[in-house]
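Below is one structure, written out as structure tokens, with a few remarks after it.
It should be emphasised that the depicted structure is a prediction, and the values quoted were computed from it without experimental measurement. These numbers come from the heavy atoms of this one structure, side chains and all, not from hydrogens, waters or symmetry mates. Below, chain A is the first sequence line, B the second, and so on; all start at residue 1.
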Amino acid sequence: MKNPIKKLFDDSAHLFTGDGKYKKYEPVWDATKTFFFLPSPKTGVMPFIRDSLDLKRYMSFVILALLPVTLFGIYNTGFQSGRAAGEAYSILKCFMVGAWYVLPMIIVSYGVGFIWEFIFAVFRRHKISEGFLVTGLLFPLTLPPTIPLWQVALGISFGVVIGKEVFGGTGRNILNPALTARAFVFFSYPVSMSGDIWIAGKTMVDGITGATALSVTGFEGQAIGSALSEAGYPLSSLFYGLIPGSVGETSALCCLIGAAILMVTRIANYRIIIGGITGVIATSILIWLIPGGTETWANAGPLYHLFAGGFLFGISFMATDPVSAPGTNPGRWIFGFLIGFLTVVIRVANPAFMEGAMLAILFMNVFAPLLDHLVIKYKTSKRIPNV
Amino acid sequence: MEKLKISRGFTPKLTGKPDMSLIRLPFPSTIGCSAGDIPFIRPKLLVKEGQSVKTGTPLFTDKRDTSIQYVSPATGKVKKILFGERRRLLEVIIEPDTQDEFIQFDPISEATLAQMEKADLVDRLKQGGLWQGLRQFPAKDTAEPDHTPAMIIVSLNGNDIFSPHPAVVLKENMDAFLTGLALLRRFSHRLVITAREDCLDDLQNLSPDMGGLITHVTDTAYPAWNPGAVLYQLKETQAENSSWCISLAHLVMMGQFLMTGHYPVDKIITATRGEYNRPHILIRQGAPVNTLTAPAAPGGMVTTGRFNGRILDPVTHLGFFENTLNIIDGAPEDEMFGFVRPGLGKPTVSATFLSSLFKKPAQMDCTLHGEPRACINCSYCERICPNDLLPSFIMKALHADEIEEALELGLLDCCQCGLCAYTCPSKIELAKILADGMDSHYKDSQYKD
Ligand code: SF4
Ligand code: SF4
């Protein structure tokens with residue numbers, strides 16, 4: 001018997017294709033259909049056999065890699081909210097409260113972003129790209145759970161339209177769209193993005209602030225390490241992630257799991273991730289060796305720099321977006337390394353502007369074509385010319 | 001014997017390897033001389049429908065050099081001349097008689113071969129319809145007779161993974177092979193004779209001399225034995241860019257032609273399908289495709305190689321350069337939730353299917369496994385290219401009409417192995433785009449001088 005869903009699509013095909021009544025909505029119909037049934041047109045030219053990997057599966061693996069941080073983010077949002085209320089929520093309650101805050105953000109992000117995707121797909125007559133599945137989830141994960149939903153909507157609109165579509169759509173964008181969205185919100189609505197905003201909940205019991213680890217500094221000669229421990233951010237908490245922060249980026253462990261999934265399946269290029277981590281370690285050791293400044297992040301050492309803030313999230317999921325990263329391998333090493341380097345430098349040099357990872361990645365996005373250009377110049381000079 | 005390694009490349013684990021036995025198929029009822037597989041040629045017909053021809057009678061020639069002839073592989077009547085779009089010649093179809101009547105030349109012994117004028121040798125090969133077996137890089141057009149190539153590459157293995165095994169081809173033809181090599185020595189000081197590592201034992205069992213003749217053994221990873229990939233590994237100077245290459249089959253034919261004085265009509269091919277291990281097939285040149293293989297299932301196709309070559313209409317005839325047939329079936333139907341299936345039986349370069357954990361050979365179909373999308377800069381194509389190219393960058397340069405840039409990026413080093421398009425998750429036709437770019441540049445440069 002024919003699959004009933006298949007039948008539904010086959011029966012409705014005439015409405016959406018050719019001269020159909022709803023021809024305008026073909027991209028949506030097509031996107032839904034291909035979601036259910038992987039299309040497999042015949043090869044027309046050589047090679048006549050093709051690899052099984054396609055862009056849908058490619059992007060599904062990014063989503064899969066994002067699942068640990070997403071689930072943990074939901075749990076942690078609930079957990080922090082319970083902590084702020086002075087109660088210890090059960091695991092289930094943590095998830096439920098977390099979902100109450102986080103799911104609407106994700107839904108708004110996907111919903112609004114999808115509308116834009118659709119408008120441009122109709123306008124430009126192209127297929128809806130799977131890339132948006134990733135952007136739409138990445139963006140809310142970089143936000144504080146307290147963000148107003150209209151800002152989520154505005155942010156994702158900016159990210160999709162200005163970050164991607166004005167460049168010509170998926171594959172042509174220079175900046176990572178999710179980061180562009182995040183940067184837009186960060187600069188347009190700074191109040192929603194900094195300060196004691198990282199815990200969702202109505203009441204705050206004494207002694208609990210909604211600030212992130214990166215805003216901690218020691219005072220009067222107190223070393224940064226002990227200051228962090230005192231503020232409730234020992235290294236282990238930073239690693240596991242039960243701390244206030246953006247929804248998806250608090251747990252270094254979950255980010256590393258995601259990074260491992262991406263690297264093992266070769267969806268992300270390991271050079272960017274390893275290069276970035278090396279950059280953070282090398283730079284933070286170098287700065288740490290400079291005497292003085294024990295109470296600032298200059299003295300935090302490599303592990304704190306790695307685990308605090310959004311660096312691991314950024315380097316695993318944002319910097320590895322292949323479109324906005326360099327396309328050559330040496331370029332990827334340099335790209336990753338410089339993101340690590342800049343992240344630490346921004347954190348140390350500019351305490352007013354602690355989250356360096358986001359800016360570092362956006363900045364390096366801009367330079368990615370230049371890196372490629374230099375690598376290719378060098379590579380072609382090594383070739384035996386054939387003209 | 002030197003070992004040649006390509007830097008990347010990839011061999012999917014495929015079923016259907018032909019076995020080493022050889023069967024002879026009966027004489028077909030039509031014989032075709034196809035122009036479909038000959039690159040760059042501008043054919044000019046020399047015969048009319050109804051005309052009688054002998055084996056070795058020229059049927060058409062190349063307008064660019066009318067001394068290069070394509071000759072009839074059978075004796076009989078011209079039954080039909082088939083044209084394609086814009087009246088481009090596709091095939092000349094012969095209705096064969098039972099007896100061959102050959103156009104006869106004087107046989108040439110190895111000793112005479114060494115003394116003959118080079119120009120006379122070239123003429124003889126042209127008249128015999130075999131000169132075009134020699135091809136010149138980078139575009140692999142018919143070799144220019146006046147050119148002295150820095151090297152001639154003889155690849156004993158064909159273009160496909162399951163092309164005829166060189167030991168099967170050489171079994172009865174060692175003498176012709178040696179004569180052919182003596183001929184090539186008249187054209188270049190350097191002969192590069194390559195064999196794939198997994199064929200070496202069989203070749204050495206055939207003749208102990210083989211070890212001395214083979215200059216390079218290549219990787220078994222596709223396409224290490226492709227002459228273009230070999231050239232890329234070997235070349236050191238710019239002059240070597242215009243080297244020549246020839247396939248084993250054509251070299252043997254040249255040897256046979258010189259020894260016997262008439263056009264060699266037999267050919268050994270493989271016809272592979274799915275999981276059947278079939279024998280090699282001995283047939284007449286230009287046999288019709290449908291006598292060589294069963295038709296492909298609906299949705300499938302018959303091609304002359306998995307990674308490159310062309311799609312064959314079953315009623316047409318096998319061309320001069322072709323000796324591999326693949327029957328590739330289509331996928332049963334669109335898969336529900338295809339993108340999240342574990343994919344045990346789905347061959348892949350990536351590590352996103354469970355199949356990548358196991359070494360079981362798979363049967364591949366001729367579907368794209370996805371839909372075309374924009375390039376996402378993922379570098380899968382670069383990761384697999386045997387000749388260290390950046391296919392996506394070349395593709396973008398070509399799309400922007402930046403031919404100079406594409407050339408600088410090494411467009412002419414592409415050996416058209418098809419791997420880049422094989423692997424691209426965005427299903428971009430890289431190999432075709434690059435091949436077209438190379439061809440149009442080559443045609444332009446031909447008209448310039
Ligand atoms: S494999 Fe395809 S999508 Fe990836 S870089 Fe190459 S052309 Fe672009
Ligand atoms: S560019 Fe593509 S077709 Fe050309 S050699 Fe590289 S992989 Fe093969």
Side-chain angles (χ1 to χ4, degrees), chain A residues 3 5-6 30 33-61 64 126-127 129-131 168-172 264-267 269 321-329 332 368 372 376-377 379-380 383-387, chain B residues 12 138 235-238 241 299 301 303 305-309 311 326 328 330-331 334-340 343 346-353 364-371 373-379 390 392-393 407-410 412-413 418 421-423 425-427 429 431-432:
Chain A
N3 183 318
I5 304 178
K6 175 100 184 144
D30 183 79
K33 185 180 95 166
T34 58
F35 175 80
F36 283 103
F37 295 99
L38 187 68
S40 275
K42 223 163 123 171
T43 54
V45 297
M46 65 152 197
F48 304 107
I49 54 174
R50 301 294 168 97
D51 196 87
S52 304
L53 177 66
D54 78 324
L55 219 57
K56 277 200 174 49
R57 191 167 182 96
Y58 192 98
M59 293 304 172
S60 317
F61 267 77
L64 179 78
H126 62 52
K127 303 233 173 196
S129 160
E130 289 79 12
T170 305
R172 300 195 176 81
V264 167
T265 53
R266 289 191 231 132
I267 290 298
N269 205 298
D321 162 25
V323 178
S324 51
T328 54
N329 287 336
R332 290 185 175 111
D372 276 344
I376 287 172
K377 268 269 148 338
K379 259 188 109 139
T380 49
R383 271 187 178 276
I384 298 165
N386 30 23
V387 265
Chain B
K235 77 175 177 181
E236 282 163 358
T237 66
Q238 215 169 331
N241 283 320
M301 53 174 74
T303 69
R306 287 173 180 78
F307 291 101
N308 53 29
I311 302 173
N326 292 287
I328 313 177
D334 292 350
E335 262 182 319
M336 188 151 180
F337 295 124
F339 65 107
V340 286
K346 294 192 165 189
T348 182
V349 178
S350 69
T352 54
F353 294 90
M364 295 194 77
D365 56 44
C366 63
T367 51
L368 278 176
H369 297 284
E371 278 184 309
R373 290 287 184 269
C375 171
I376 54 161
N377 213 10
C378 65
S379 281
L390 297 160
S392 60
F393 285 85
L407 292 173
E408 220 172 275
L409 286 165
L412 299 187
D413 279 340
Y422 169 82
T423 192
S426 288
K427 311 295 169 188
E429 301 294 0
K432 175 89 171 102

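- Neither the backbone nor the side chain of A/Leu64 comes within contact range of chain B; no heavy atom of the residue lies under 4.5 Å from a heavy atom of that chain.
- Ranked by heavy-atom pairs shorter than 4.5 Å toward chain B, the options A/Arg50, A/Arg172, A/Met59, A/Arg266 are led by A/Arg50.
- Not one N or O on the side chain of B/Asn326 forms a donor-acceptor pair closer than 3.5 Å with the backbone of B/Ile328.
- B/Asn377 contributes a side-chain N or O that, together with a main-chain N or O of A/Ala325, makes up a donor-acceptor pair within less than 3.5 Å.
- Heavy atoms of A/Arg383 lying under 4.5 Å from chain B belong exclusively to its side chain.
- Heavy atoms closer than 4.5 Å to chain A are found in both the backbone and the side chain of B/Leu409.
- A/Asp54 is not listed as a side-chain neighbour of A/Glu130, based on a closest heavy-atom distance of 4.5 Å or more.
- Contact tally against chain A (heavy-atom pairs below 4.5 Å) for B/Gly309, B/Cys366, B/Cys378: the top residue is B/Cys366.
- The side-chain heavy atoms of A/Asn269 and A/Asn329, taken from C-beta on, include a pair separated by under 4.5 Å.
- Heavy-atom pairs under 4.5 Å with chain A peak, among B/Ser379, B/Gly305, B/Pro12, at B/Ser379.
- Between the side chain of B/Asn241 and the main chain of B/Pro138, no donor-acceptor pair closer than 3.5 Å is present.
- Looking at B/Asp413, the atoms closer than 4.5 Å to chain A (heavy atoms on both sides) sit in the backbone and in the side chain alike.
- Interface residue B/Ile311: backbone and side-chain heavy atoms are both found under 4.5 Å from chain A.
- Contacts of A/Ile384 with chain B are made by both backbone and side-chain atoms, with heavy-atom separations under 4.5 Å.
- Within the 4.5 angstrom heavy-atom criterion, only backbone atoms of B/Cys375 (N, CA, C, O) approach chain A.
- Only the side chain of B/Arg373 comes within less than 4.5 Å of a heavy atom of chain A; its backbone N, CA, C and O stay farther away.
- In this structure, chain A has no heavy atom under 4.5 Å from any part of B/Ser392.
- When side chains are defined from C-beta on, B/Leu368 counts as touching B/Glu429, because their heavy atoms get closer than 4.5 Å.
- With hydrogens and angles ignored, the 3.5 Å screen pairs no side-chain donor or acceptor of B/Lys432 with any backbone N or O of A/Val45.
- A donor-acceptor pair under 3.5 Å links the side-chain atoms of A/Tyr58 to the main chain of A/Ile267, judged by distance alone.
- With chain A as the partner, the residue from B/Pro425, B/Gly418, B/Ala431 showing the most heavy-atom pairs under 4.5 Å is B/Pro425.
- In the model, A/Thr328 has a side-chain atom that pairs as donor or acceptor with a side-chain atom of A/Asp372 under 3.5 Å.
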